[in-house]
> 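Before I ask anything, let me first share the structure, which is written out below as structure tokens.
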4 protein chains.
Amino acid sequence: MASVNKVILIGHLGKDPEVRHLEGGNSVANFTMATNEYFKDKQGTRVERTEWHNISAWRGLAELAEKYLRKGQQVYVEGRIRTRQYQDKENQTRYITEIVADEISLLGQRPGAAPTTPATADASAVAEAPVTFRQEPELDQLPF
Amino acid sequence: MASVNKVILIGHLGKDPEVRHLEGGNSVANFTMATNEYFKDKQGTRVERTEWHNISAWRGLAELAEKYLRKGQQVYVEGRIRTRQYQDKENQTRYITEIVADEISLLGQRPGAAPTTPATADASAVAEAPVTFRQEPELDQLPF
Amino acid sequence: MASVNKVILIGHLGKDPEVRHLEGGNSVANFTMATNEYFKDKQGTRVERTEWHNISAWRGLAELAEKYLRKGQQVYVEGRIRTRQYQDKENQTRYITEIVADEISLLGQRPGAAPTTPATADASAVAEAPVTFRQEPELDQLPF
Amino acid sequence: MASVNKVILIGHLGKDPEVRHLEGGNSVANFTMATNEYFKDKQGTRVERTEWHNISAWRGLAELAEKYLRKGQQVYVEGRIRTRQYQDKENQTRYITEIVADEISLLGQRPGAAPTTPATADASAVAEAPVTFRQEPELDQLPF
DNA sequence: TTTT
DNA sequence: TTTT
């Protein structure tokens with residue numbers, strides 16, 4: 001039956017993306033991203049709560065994430081929730097919930113201003129780079 | 001800093017909501033909800049993958065969830081991702097990711113068609129009930 | 001610069017889709033879709049306000065819309081806002097705002113229950129039809 | 001029946017908000033906001049298309065928009081589509097589609113960096129200002 | 001009328 | 001581990 005599983009996040013990267021190249025030719029980039037909520041506690045004090053999201057970007061998006069995303073950057077991520085299980089060191093089943101990215105946009109800065117952009121020539125290349133990346137859809141639905 | 005943490009789900013309830021009344025007067029309803037993805041595997045066979053989401057609805061939304069939501073119903077849920085930790089039986093820290101609902105709508109049927117609606121008088125009351133519920137915002141941000 | 005233009009609608013079709021085949025081989029389906037808001041007026045009376053949305057679906061989505069969507073059906077539409085101008089009969093410039101669909105899902109029923117499904121053989125074909133349609137992205141960005 | 005009418009925009013303001021104070025005590029801020037799409041035309045040339053959105057923010061949001069939003073700023077706007085009619089100078093019925101804002105967030109800059117922030121004292125006040133504004137919901141549904 |  |  002028809003269903004919808006959609007996530008929209010705006011926040012800052014907690015670390016540089018880490019890219020792994022899988023057997024079979026697939027690649028995946030993982031990074032974390034923080035969103036913040038504010039509320040008043042029972043004493044009326046303003047409290048901040050940070051939520052950390054695990055983002056995974058596959059194939060073409062992985063390469064773009066590796067190339068353009070850096071710790072501290074503000075990004076828009078659209079994707080879907082996926083919980084997968086794995087075995088921990090004691091061989092117990094554990095669960096981790098991730099956001100599989102379908103679209104990533106760089107916000108709030110010139111892409112040329114990326115912290116690790118090395119040199120002038122590269123920087124101008126980056127400055128002209130697109131700042132919205134979308135997953136290629138035929139590839140978007142491989143089993144993983 | 002400004003951030004956005006938004007989830008939009010359409011799917012079917014996996015079970016009736018379970019409501020707990022907390023000390024301090026708060027109440028919370030928990031239920032699960034399935035969304036489905038379809039993709040072709042490497043052999044070209046159509047594969048279905050079901051994702052189960054843990055939904056929590058607080059206070060006024062909890063009462064409405066208890067009253068109107070039943071296993072199998074199709075619902076729209078808008079909310080935000082929250083991961084909380086707890087101690088398991090071996091006293092190890094575990095994490096669970098939930099969707100805290102801000103809005104719930106009943107889809108695909110008149111609410112009067114709810115499976116457990118008992119009697120005529122009640123059913124007509126239900127039939128006139130609103131089918132979109134929103135969290136009252138001042139209450140939406142208590143610490144939990 | 002990075003930007004986002006996203007619309008999410010759930011409502012019922014006001015009429016069957018009308019499909020036009022354009023020179024150049026493109027096709028487009030147009031239909032209207034209603035959403036409802038409820039509020040209390042100053043006298044405290046509950047008032048309903050219906051908003052009518054103009055939806056346009058292109059190419060592959062147009063064909064699927066023509067085949068599966070019918071007046072009265074409840075659908076999920078994800079898309080983007082587009083305002084275009086045209087000349088009216090008095091040759092004055094007028095504007096119309098439409099939602100260009102990127103994804104359409106049938107809600108609240110089996111597709112086999114579509115009102116105009118003609119015969120058993122077709123109905124079983126429809127019953128197995130996918131109920132979520134997505135625009136093919138390479139085609140999603142032709143000028144129109 | 002349950003329905004959803006949701007818009008999510010990220011873009012830049014085309015002009016400073018204009019605030020009007022209505023009889024009855026309500027106020028409304030109007031501004032425009034641009035989003036951009038890129039596609040390749042039939043010759044393979046990269047083309048940019050700009051979409052202009054009319055945003056209206058009511059009551060508390062109007063005041064915050066007036067205070068904190070300026071031409072050129074990048075913002076996140078969440079809201080709903082509303083088409084209203086009016087009579088033009090020739091007394092003909094015309095339609096305008098607007099986005100009624102429910103939430104506005106400032107993106108991509110320190111709020112203290114607002115172009116028209118006048119002086120040090122004010123700037124520090126702005127720097128501590130919240131950067132996400134939400135409509136108060138009880139007020140969100142007055143007839144207009 | 002924004003932004004790159 | 002981000003940002004303010």
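Letters go in sequence order (proteins before strands), and every chain restarts at 1.
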> Would you call B:Glu51 and A:Arg80 a salt bridge, using N to O less than 4.0 angstrom?
no
> From the set E:dT1, F:dT1, F:dT4, return the single nucleotide nearest to any side-chain atom of A:Glu48.
F:dT4
> Could you check how far OH of D:Tyr76 sits from P of F:dT3, rounded to whole Å?
22 Å
> Whole angstrom is fine here: how far is it from CD in A:Glu51 over to C1' in F:dT2?
13 Å
> Mark yes or no for a side-chain to base donor-acceptor pair under 3.5 Å between A:Thr50 and F:dT2, with no hydrogen or angle criteria applied.
yes
> Taking the minimum atom-to-atom distance to the side chain of D:Ala34, which one of E:dT2, F:dT1, E:dT1 wins?
E:dT2
> Return the value, rounded to whole Å, for the distance between atom CZ of A:Arg70 and atom C1' of F:dT2.
15 Å
> Rounded to the nearest angstrom, tell me the gap between atom CZ in A:Phe31 and atom C1' in F:dT3.
15 Å
> For A:Leu69 and F:dT3, what is the distance between atoms CG and P respectively, to the nearest whole Å?
14 Å
> Quick check, does D:Trp52 stack with E:dT1? I mean ring centres under 5.5 Å and planes off by under 30°.
yes
> With C:Gln92, which residues qualify under side-chain contact (heavy atoms from CB on, under 4.5 Å), at least two apart?
C:Asp88, C:Glu90, D:Glu90, D:Gln92, D:Arg94
> What's the CG-P distance between A:Leu107 and E:dT4, to the nearest Å?
13 Å
> List in chain and number order the residues that pass side-chain contact (heavy atoms from CB on, under 4.5 Å) with A:Asn30, two or more places apart in sequence or in another chain; answer none if no residue qualifies.
A:Arg20, A:Val28, A:Ser56, A:Glu98
> When you measure from the side chain of D:Tyr38, which nucleotide among E:dT4, F:dT1, E:dT1 comes out closest?
E:dT4
> Could you tell me how far apart D:Gln74 (CD) and E:dT3 (C1') are, to the nearest whole angstrom?
8 Å
> Out of E:dT1, F:dT1, F:dT2, which nucleotide sits closest to the side chain of D:Lys71?
E:dT1
> Of the candidate nucleotides E:dT3, F:dT3, E:dT1, which contains the atom at the shortest distance from the side chain of D:Asn36?
E:dT3
> Check every strand shown and say whether A:Gly11 touches a base, only sugar-phosphate, or nothing at a heavy-atom separation below 4.0 Å.
nothing
> Between the main-chain N or O of A:Gln135 and the side-chain N or O of A:Asp102, is there a donor-acceptor pair closer than 3.5 Å?
no
> Under a plain distance cut-off of 3.5 Å, with no hydrogens placed, do A:Thr50 and A:Asn36 share a side-chain donor-acceptor pair?
yes
> What's the NE2-P distance between D:His12 and E:dT4, to the nearest Å?
6 Å
